[in-house]
Amino acid sequence: MNLEKLVRPNIKALKPYSSAREEFSGQAEVFLDANENPFNAPYNRYPDPMQLKLKTKIGALKNITPEKIFLGNGSDEPIDLIFRAFCEPGVDNMVTIDPTYGMYQVAADINNVEVRKVKLNEDFGFSAQKLLDTANLYTKVIFVCSPNNPTANLLDKAEIVKLLAEFDGLVVVDEAYIDFSPESSLLSELDQYENLIVLQTLSKAWGMAGIRLGMAFANSEIIRIFNKIKYPYNINMLTQQKALELLDNLQEKDEWVKIILEERDLMIKKLFSFPFVQVIYPSDANFILVKMHDARGIYEHLTDQGIIVRDRSKISLCDDCLRITIGSPKENKKLRKALKELI
Ligand SMILES: *Cc1c(COP(=O)(O)O)cnc(C)c1O
């Protein structure tokens, strides 16, 4: 991979905005450099633009050095920055699997970048070769998601590694659900493959969707490009503080994951006995994809009861499928009780 050739010329030439807090990063007592208000501490101060404390903490958890970490306003931010940094609007394209997470398409559309989709197999597996064959000279990035949303399955790691080894552009692996899966993260391959970008998030297993913190891990050259084009203070002080605090709850997070996986297996066992359930696809995540007779009717019955699931029946390969998030034991019981009324 030649990063110099992958990055858009205007981004390569860009002289980034330099914030006050960035220009002086030494020790000081009197801050008269940023036109802040001296009152209303601590909210009066701009937050650390590079989130060093938080990156150090995340780095310790993941065994990654801070210069290989980018933090964003959810995973949405690094997804958008990948297009803005590497894909020339109206010229370059990206390749991804179908069905998958909708934000890749939305971010590509916003940036006027063509999306080339390759359908998954009937068993929701994918072929690296098919993705490689769909790429052309203008393909800057391949997006895969493992475990995949909405199909819930892990993708074959050997196939992802084949993409990394054979594609000369960037390969993004979205691991939003990796904590729920039996497979290990591709973070271990970061030093091996300079074209790898791993996305993770605090929104799922860590239970922090509300504070908006997404993570991208990649070699430090790629991270430097993201840092150059991001909003200077993209992670606010409250999010940085709360994440630092809640990342201490590692054991609690693992306990939540354990309960959710037990509840998932219980849900699968119970749903099998419902006559309208046709297929429950294997899940490596905190949700299940279920094919049902009259999925739309069931969806509407559930919403009438105040229970919201995701209707995926219009998505490729997901005819008559609902995506059901595994909730608390009580919530899951309520769902089953509402479904029983349909028997
Ligand atoms: C939920 C989800 C995310 C997380 O997005 P955030 O913006 O970090 O909340 C990322 N990727 C996939 C595939 C998801 O399903």
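Atoms within a ligand are numbered from 1 in the order they appear, just like the ligands themselves. From a predicted model like this one, the values you see are computed outputs, not experimental measurements. Starting from 1, each residue takes its place in the sequence as its number. These values consider heavy atoms only, across backbone and side chains, with no hydrogens, waters or symmetry-generated copies.
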Determine whether the aromatic ring centres of Tyr46 and Phe31 lie less than 6.0 Å apart. no
Aromatic rings Phe70 and Phe226: how do their planes relate, parallel, tilted or perpendicular, breaks at 30° and 60°? perpendicular
Suppose we measure from atom 15 (O) of ligand 1 to each protein heavy atom; which comes out shortest, and what is that distance? Tyr177 OH, 2.6 Å
If we number the atoms of ligand 1 from 1 as shown, the ones under 4.0 Å from a heavy atom of Asp76 are 7 (O)
If I take atom CG from residue Asp80 and atom OG from residue Ser75, how far apart are they, to the nearest 0.5 angstrom? 12.5 Å
Run the contact test for Cys145 against ligand 1 with a 4.0 Å cut-off on heavy atoms, strictly below, and give the result. yes
Contact atoms of ligand 1, heavy-atom distance to Ala176 under 4.0 Å: 2 (C), 3 (C), 10 (C), 11 (N), 12 (C), 14 (C)
With a 6.0 Å cut-off on the ring centroids, do Phe287 and Phe180 count as close? no
Closest protein heavy atom to atom 9 (O) of ligand 1, given as residue, atom name and distance to 0.1 Å: Ser203 OG, 2.7 Å
Name the option, out of Thr201, Leu199, Asp174, Asn73, that contains the heavy atom nearest to atom 10 (C) of ligand 1. Asp174
For atom 14 (C) of ligand 1, what's the nearest protein heavy atom and its distance? Lys204 NZ, 3.2 Å
Tell me, which protein residue and heavy-atom name are nearest atom 7 (O) of ligand 1, and how many Å apart are they? Arg212 NH2, 2.6 Å
Taking a hydrophobic cluster as the set of Ile, Leu, Val, Met, Phe, Trp and Tyr residues connected by side-chain heavy atoms closer than 4.5 Å, whether directly or through intermediates, do Val279 and Phe276 fall within one such cluster? no
Test side-chain contact (heavy atoms from CB on, under 4.5 Å) applied to Ile324 and Ile280, Leu335, Ile307, the passing residue: Leu335
